[in-house]
There are 2 protein chains.
Amino acid sequence: MPFKKGPIPAYFRLKQIIIDDIKKKGMNPGDMLPSEREYCERFGLSRMTVRQALKELEHEGIIVRERGRGSFVAIPPIEQEGIMSFTEMVRAKGLEPETEVLEFQKRPAGPWGEFLEIGEKEEIYEITRLRKASGVPIAVETVFIPALLVPGIEAADLSGSLFTVLQERYGIEIKRSKTSFSAVLSTPEMEKVLMLGGTWPLLRVESLNFYTKPIYYEISHYRSDQFKITVNISR
Amino acid sequence: MPFKKGPIPAYFRLKQIIIDDIKKKGMNPGDMLPSEREYCERFGLSRMTVRQALKELEHEGIIVRERGRGSFVAIPPIEQEGIMSFTEMVRAKGLEPETEVLEFQKRPAGPWGEFLEIGEKEEIYEITRLRKASGVPIAVETVFIPALLVPGIEAADLSGSLFTVLQERYGIEIKRSKTSFSAVLSTPEMEKVLMLGGTWPLLRVESLNFYTKPIYYEISHYRSDQFKITVNISR
DNA sequence: TAATTTAACATGTATATACATATAGACATA
DNA sequence: TATGTCTATATGTATATACATGTTAAATTA
C-alpha cells in the first residue's frame, strides 16, 4: 500500500501505477483493466479516488471506459496528430527527403512584418528551398523569419528540417500553426524548378508558425499529383 | 430547484444552466463565477455534483478554475482548433451558408467499404451537395455513409450541417478526422455546378471522419480563389 | 507607517455510502 | 431451439463529510 502519506496525491500516484502496469504487463489495446472496486481493495483507496484516476486516464486517451462493462486499454491513435513537417511526411512514405537551397537573402520585413508581429523595416531572412523525395521534386518552399530570432542562421545546415534547426540551435519549438490550403496554377518559374513541363494545378500551403509568438511564415507549392498533404485532427 | 427528478443527470443540467447564465448575463472573459458552495446552496446539490459540472466545463474550455481563487469565464480561443465544418467556416466569415442537395442515392459500398470498415456489398448513402456562401457557389461535396448508421436519413433536412444532423438525430459526434488536401483541375461537370465558365484549379479535400469507428467519407472540391481552408493546430 | 499574522473563503483531495443503470451470462420457460 | 427473466457485476450519479492548501484582505503588531 503505497498510499499512506506523502505530498503526491493518491489519485495521481494511482494513475502512474496503472500506466506502468499497462506497459510492464504488455497489455494490448482492448484488454480489460481491473474494476474500480478491485483497485479500491488492492490499494486501500475509496472508489471516488480510484474513479478520479481512471477519469483522467480516460481524458488523456490512455484508457476507455464502458458503463456496465469495465475499463479497457485504449487503441492508440494510429497516426500522428496534426500536420507533419515535410521531412516527417516523406519519411513516413518510406522515401528519402532531400533539400536544395535556391535562394537566401536578408531584407526588410515589408508586408510580412504584420504576420510576424514586427516592424516593416526590421530585417528578416527569406529562404527559398526546393524539396525532393528520393530525387523527385515535390515542393518549392519559401520561409520568412525575423533575423533577430535566428542570429547566424547562415552558418546552419538548411538542407534538412528547419524545425530541427530551430529547436537544436535556438531552443525554439513550434507549438501551434495556422495553415491554409488553396489550389493555384503553376507559374513558369515553378514549372522550371519542379520540372513540370507545362501548366499544372499546385497545392498552395500558407502557414504561420507560433512558439509563444509568431516565429516564421511559410509559403509552399506542392505538385499534389505526387504528394497529398494529410492532417489528423481530434475535436 | 429544478433538480428534484428526471432522467437527465443533475450535473449535466447544472452545466447547461451555467452556460446559459454566462450568455444571458453577458459575462466577459475573466469574470468570476459563483463559488462551488454557492451553487450547492442555490440548487440544493452536493459539492461533488457541482464540482463534476465545473470540471467538465473546464475541460471544454468554457471556464478556468484557480485554486484558492475561484472559477472564471475562460478567454475563448481566438480561432477554433482543427478544421471547421463548412457551415462554421462560412459563418466565421460573416456569410450565410446555403446547401442544395444535387444527388441522393442508396447503393452498395463498393470500394468505399474499405475506408468505412464495412463489406463491399453493404449499403451506403451517397449524397452530393452544392454548398454556397451568401449565394456564391463555393464547393461540391459528396458524402459516403453506411446506411445502417443513419436509418431514415432520407427524411432529415440535409440543407444544413450534416454534422448537426448526425449529432441530433443519431447521437453521433465526430471526434476525429483524417483529411488530405490536393489540387486538381476542374471537370466540365464541376464547372457547371460551380458556375466557373472555364477550367480552374480546385482544392480537393478528402476526409474520413471518426466517432468510435469510421462514420463517413467525404470528397469536396472548393473553388479556392474564393475560399481558403484554414486549420489551426497545436502540437 | 510598514511588516506580519490571522481569518475568511476559494478550490483540491479523500473517505464512506447509497442507489441508478447498462451488460453479459446463467437459468428457466415457451 | 429460441426467448425471456433473473442475477452478478460493472460503471454512472449523487449525497454528506472532513481536512488540506492556496489566495486575499482585514486585523494586528512592531
Side-chain angles (χ1 to χ4, degrees), chain A residues 1-18 21-22 27 30-74, chain B residues 1-18 21-22 27 29-74 170-173 211-213:
Chain A
M1 324 247 203
F3 295 104
K4 274 301 162 199
K5 50 177 182 242
I8 299 156
Y11 80 91
F12 194 87
R13 279 183 283 176
L14 179 57
K15 272 175 65 179
Q16 298 187 308
I17 288 174
I18 294 172
D21 260 22
I22 291 173
M27 292 181 79
D31 285 358
M32 189 178 177
L33 291 163
S35 76
E36 295 178 352
R37 288 187 166 90
E38 207 170 319
Y39 279 123
C40 298
E41 273 190 39
R42 281 236 295 260
F43 299 107
L45 296 169
S46 77
R47 196 168 148 233
M48 292 301 279
T49 304
V50 171
R51 279 176 64 76
Q52 179 165 7
L54 293 176
K55 213 165 193 173
E56 293 202 0
L57 288 172
E58 184 184 30
H59 265 305
E60 291 164 16
I62 294 166
I63 66 171
V64 293
R65 311 175 73 196
E66 287 178 46
R67 181 176 186 165
R69 302 221 313 130
S71 300
F72 306 84
V73 179
Chain B
M1 321 250 203
F3 294 104
K4 273 303 161 200
K5 51 175 181 246
I8 298 157
Y11 80 92
F12 194 87
R13 280 183 282 176
L14 178 57
K15 271 176 64 180
Q16 298 187 310
I17 289 174
I18 294 172
D21 260 23
I22 291 173
M27 294 181 76
D31 284 359
M32 190 176 175
L33 290 164
S35 74
E36 296 177 354
R37 286 188 167 88
E38 208 168 321
Y39 278 122
C40 298
E41 274 189 41
R42 280 235 296 261
F43 298 106
L45 296 170
S46 75
R47 194 165 152 235
M48 292 300 280
T49 303
V50 171
R51 279 175 65 74
Q52 180 166 6
L54 294 175
K55 212 165 193 175
E56 292 201 1
L57 289 171
E58 183 183 32
H59 252 306
E60 291 164 18
I62 294 164
I63 66 170
V64 292
R65 313 175 71 199
E66 286 177 47
R67 180 176 186 163
R69 302 223 311 132
S71 299
F72 306 85
V73 180
Y170 303 100
I172 295 170
E173 194 173 354
Y211 179 42
T212 52
K213 55 184 175 185

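In what follows, every chain begins at residue 1, and chains take the letters A, B, ... in the order their sequences are listed.
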Take atom [atom1] of [X] and atom [atom2] of [N], then tell me their distance rounded to the nearest Å.
X	N	atom1	atom2	value
Glu56(B)	dG12(D)	CD	P	11 Å
Lys15(A)	dG12(C)	NZ	P	14 Å
Leu57(A)	dT11(D)	CG	P	13 Å
Leu14(B)	dT13(D)	CG	P	14 Å
Met48(A)	dT11(D)	CE	P	14 Å
Phe72(A)	dT9(D)	CZ	P	16 Å
Tyr11(B)	dT11(D)	OH	P	16 Å
Glu41(A)	dA10(D)	CD	P	10 Å

How about Lys55(A) and Lys55(B): do any of their side-chain heavy atoms sit closer than 4.5 Å?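 Of all side-chain heavy-atom pairs linking Lys55(B) with Lys55(A), none is under 4.5 Å.
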
Any side-chain heavy-atom pair of Leu33(B) and Asp21(B) under 4.5 Å: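 Contact flag for Leu33(B)/Asp21(B) side chains = no.
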
For DNA chain D, list all stems, counting runs of three or more consecutive pairs where every pair is Watson-Crick or G-U wobble with both distances under 3.5 Å.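 Paired runs of 3+ in DNA chain D: C:1-30 with D:1-30.
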
Please list, chain by chain and in numerical order, all residues satisfying side chain to side chain contact (heavy atoms under 4.5 Å, CB included) with Arg69(A), sequence neighbours excluded.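 Side chain to side chain contact (heavy atoms under 4.5 Å, CB included) list for Arg69(A), sorted by chain: Glu66(A), Phe72(A).
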
Considering residues at least two apart in sequence or located in another chain, which fulfil the side chain to side chain contact (heavy atoms under 4.5 Å, CB included) criterion with Glu56(A)?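 Partners of Glu56(A) by the side chain to side chain contact (heavy atoms under 4.5 Å, CB included) criterion, ordered by chain and then number, come out as Tyr11(A), Lys15(A), Gln52(A), Glu60(A).
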
Are Gln52(B) and dT13(D) close enough that a side-chain N or O sits under 4.0 Å from OP1 or OP2?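 For dT13(D), OP1/OP2 do have a side-chain N/O of Gln52(B) under 4.0 Å.
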
Give a yes/no on whether any side-chain N or O of Ser46(A) is located under 4.0 angstrom from OP1 or OP2 of dT15(C).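 Ser46(A) to dT15(C) OP1/OP2: side-chain N or O found under 4.0 Å.
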
What are the atom names and distances for every N/O pair under 3.5 Å that joins the protein to nucleotides 9-11 of chain C?
residue	atom	partner	partner atom	Å
dT11(C)	OP2	Glu36(B)	N	2.9
dT11(C)	O4'	Gly68(B)	N	3.4
dT11(C)	O4	Arg37(B)	NH1	3.3

Not counting sequence neighbours, which residues clear salt bridge (Lys or Arg N to Asp or Glu O under 4.0 Å) with Arg47(A)? List them please.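 Partners of Arg47(A) by the salt bridge (Lys or Arg N to Asp or Glu O under 4.0 Å) criterion, ordered by chain and then number, come out as Glu36(A).
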
At their closest point, which heavy atom of Leu54(A) faces which heavy atom of Ile63(A), and how far apart are they?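 Nearest heavy atoms, Leu54(A) then Ile63(A): O-CD1, 3.5 Å.
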
What distance do Ile8(B) atom CD1 and Gln16(B) atom CD have between them, rounded to the nearest 0.5 Å?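 CD of Gln16(B) is found 7.0 Å from CD1 of Ile8(B).
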
Under the side chain to side chain donor-acceptor pair (under 3.5 Å) test, residues paired with Asp31(A) that sit two or more places apart: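 If we apply the side chain to side chain donor-acceptor pair (under 3.5 Å) test to Asp31(A), skipping adjacent residues, there are no hits.
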
Under the side chain to side chain donor-acceptor pair (under 3.5 Å) rule, collect the residues that match up with Thr49(B), sequence neighbours excluded.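 For Thr49(B) the side chain to side chain donor-acceptor pair (under 3.5 Å) partners, ignoring immediate neighbours, are Ser46(B).
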
